[in-house]
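Notes for the one structure printed next.
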Amino acid sequence: MKNLSTILVLAVLITFCVTHVRSDASDHRYNDGDAVPLYANKVGPFHNPSETYRYFDLPFCSAGDVKEKREALGEVLNGDRLVSAPYKLEFRKEKDTEVACRRKLTKEEVAQFRTAVKKDYYFQMYYDDLPIWGFLGKVDKEGKTDPSEYKYFLYKHIQFEVMYNKDRVIEIGAKMDPHSVVDLTEDKDVDADFMYTVKWRETNIPFENRMDKYSQSSSLPHHLEIHWFSIINSCVTVLLLTGFLATILMRVLKNDFMKYAQDEEAADDQEETGWKYIHGDVFRFPKHKSLFAAAHGSGTQLFTLTIFIFMLALVGVFYPYNRGALFTALVVIYALTSGIAGYTATSFYCQLEGTNWVRNLLLTGCLFCGPLFLTFCFLNTVAIAYSATAALPFGTIVVIVLIWTLVTSPLLVLGGIAGKNSKAEFQAPCRTTKYPREIPPLPWYRTTIPQMAMAGFLPFSAIYIELYYIFASVWGHRIYTIYSILFIVFIILLIVTAFITVALTYFQLAAEDHEWWWRSFLCGGSTGLFIYGYCLYYYYARSDMSGFMQTSFFFGYMACICYGFFLMLGTVGFRAALLFVRHIYKSIKCE
């Protein structure tokens, strides 16, 4: 396993070096009058971040042939579709109310623009890889109570202000002229002259710091106060839980050990009680061992993937508007870590005395990818029906299938073969009896569902404040760059999950219930269910998302993410419980 992990780490580092050095990295130097690339990306309703369309799906006029920019895998997955914009912004060349193009809008095109303005459509462009945002138009509601009396206007004049330092572009801003508009209220043909103004200003900001403007927006003082409050809240939870567990481990278990030691001589005269009573059953292998091993393997892979993503984030790979970097990293690292899933699942399955390791390997490969693939097929079909940029082109789908076929599957098989040949045996400090003991009747609050609710609540309470900012970034337009704080919250999440699972496992064993394997996994992963519950709250109470496509994308992909959290945290919970159970049963004399 150590050699496999070393190979995978090297592979990820090599992939990082190859895929994250952008071919179009904007280290460009320009002379006066040089053409600086300006690309129009997409348009869409401001409150529906997944529902975006190509810029020229709306009847904008173009100054000439529209050229599409060649994009990387991550950019396509992100829904970016860059094309040449109708505006020409040469380096340090000022322009005053220049006409980019003229177009006579038909009644149908006016209605199309009016619908876009009514839905708060925005546009996004990139100038020398710096983002530009703006709204397409405005709705005049002043003094009007009836929506039928509203007036709709399309902005036709963009005012660009560009900052430069010597021969490099540092910053760009765009304002829409509120007085230069096209009236879209009535269905009639109108003439539209799309104009733009360009002003250049010199600045002392170095080129290396030009993205700081976007990074610092998520680390403003009032935001940082909330983030630190979140961490303090989480740390208090950890301290309370740690103290609680320390009480259990130092007092309750100590009393148990003393009691069992004193009862050794009288063992023949009195019946054992508590968790020692089930020492012959506690290491009895779980039901559905193939599924359990596959879930354990998939959870280990997702945990490894998360750690690698955090490593890349902390070294600054995912800076704001590094288009598609996160999606590229997710696809590549998931493919390269599939060997970990194969090795962990198969070796653990063989330790559980499983025989059909090939079926277990297939189950491991499909356990997470299967639901994700089905969700993708449905959502991609919805995006195609909407003609949205979220619909992946056929070529991109072929690339992903090739990655899965030529990288993910072979590494999964190699990991499985290595796991099968590892010949590791399950380390159980107590012998398992031939026949299982009957589990005594338990009160309702000791059953699986109430235990999962208790186990998921504490870890969720440690992260819920940070969840809002993550959701507002992923499903909104807020920028999130405080990865160090997010990593601290993630560590706290792991600690709380492990501790609460250990505590509930102890209580379960003390009640003479020896079926703790699946219970520890379900309790550890139950935080994923709480996160999905938070999705319902966020959608209806904290966002303005609407429409079938946006709703489908939000709940569909969040279901996959929460399922991934369930597998990952379930693995963490089970591993912590396994260490705890082995420790306490090593400390007593088992016959």
Side chains of [X] and [Y]: donor-acceptor distance under 3.5 Å anywhere?
| X | Y | result |
| --- | --- | --- |
| D128 | Y30 | yes |
| T505 | S520 | no |
| Y343 | T300 | no |

At what distance, to the nearest 0.5 angstrom, does [atom1] of [X] lie from [atom2] of [Y]?
| X | Y | atom1 | atom2 | value |
| --- | --- | --- | --- | --- |
| L493 | E466 | CG | CD | 12.0 Å |
| Y534 | I531 | OH | CD1 | 10.5 Å |
| Y539 | F554 | OH | CZ | 8.5 Å |
| M176 | F135 | CE | CZ | 11.0 Å |
| I500 | I495 | CD1 | CD1 | 14.0 Å |
| K166 | T203 | NZ | OG1 | 12.5 Å |

Exercise. Flag this pair as yes if the NZ/CZ of R210 is under 6.0 angstrom from the six-membered ring centre of Y127 and inside a 45 degree cone about the axis; otherwise no.
Key: no
Self-check item: Cation-pi, Y468 ring and R542 (6.0 angstrom, 45 degrees)
Solution: yes
Any side-chain heavy-atom pair of [X] and [Y] under 4.5 Å:
| X | Y | result |
| --- | --- | --- |
| L494 | F303 | yes |
| F376 | C560 | no |
| F91 | W200 | yes |
| Y563 | P371 | yes |
| I463 | V489 | yes |
| S552 | F378 | yes |
| I172 | L89 | yes |
| V76 | T389 | no |

Provide the closest heavy-atom pair for [X] versus [Y] in the form atom of the first, atom of the second, distance.
| X | Y | answer |
| --- | --- | --- |
| F530 | A453 | CZ-O, 3.4 Å |
| A388 | Y53 | CA-CD2, 3.9 Å |
| G556 | T375 | O-CG2, 3.6 Å |
| K213 | E171 | NZ-OE2, 3.3 Å |
| C562 | Y532 | SG-N, 3.5 Å |
| K42 | N78 | NZ-O, 3.6 Å |

Quiz item: How far apart are the C-alpha atoms of M311 and I307, what are their side-chain angles, what is the distance that settles it, and do they pass the side-chain contact (heavy atoms from CB on, under 4.5 Å) test?
Solution: CA-CA 6 Å; M311 288 169 57; I307 294 299; 4.2 Å; yes
For the [atom1] atom on [X], are there more than 12 heavy atoms of other groups (residues, nucleotides or ligands in this structure) within a distance under 6.0 Å?
| X | atom1 | value |
| --- | --- | --- |
| K199 | NZ | yes |
| F457 | CZ | no |
| F123 | CZ | yes |

Do [X] and [Y] have their ring centres less than 6.0 Å from each other?
| X | Y | result |
| --- | --- | --- |
| F574 | F292 | yes |
| Y469 | Y480 | no |
| F521 | H296 | no |

[X] side chain vs [Y] backbone, donor-acceptor pair below 3.5 Å:
| X | Y | answer |
| --- | --- | --- |
| Y39 | R81 | no |
| N165 | I205 | yes |
| Q301 | Y334 | yes |
| N48 | S546 | yes |
| Q451 | C523 | no |
| N380 | L392 | yes |
| S347 | G419 | no |
| T405 | L402 | no |
| E75 | A72 | yes |
| S338 | A335 | yes |

Exercise. Determine, stepwise, if the pair V162 / V36 fulfils side-chain contact (heavy atoms from CB on, under 4.5 Å).
Key: CA-CA 12 Å; V162 193; V36 182; over 6 Å; no
Practice problem: Given side-chain contact (heavy atoms from CB on, under 4.5 Å), test L312 with L326 step by step and report yes or no. | Solution: CA-CA 9 Å; L312 295 178; L326 178 59; over 6 Å; no
Practice problem: Scan F310, F565, Y483 and name whichever one has a ring-ring contact (aromatic ring centres under 6.0 Å, His included) with F490. | Solution: F310
Quiz prompt | Sole candidate of T408, L302, T304, L412 that passes side-chain contact (heavy atoms from CB on, under 4.5 Å) when paired with T337 | solution = T304
Practice problem: Apply the test side-chain contact (heavy atoms from CB on, under 4.5 Å) to residues W475 and S50: give CA-CA distance (whole Å), side-chain angles for both, the deciding distance (0.1 Å), then the verdict. | Solution: CA-CA 8 Å; W475 300 105; S50 299; 3.2 Å; yes
Quiz prompt | Parallel, tilted or perpendicular: rings of H477 and F46 (30°, 60°) | solution = parallel
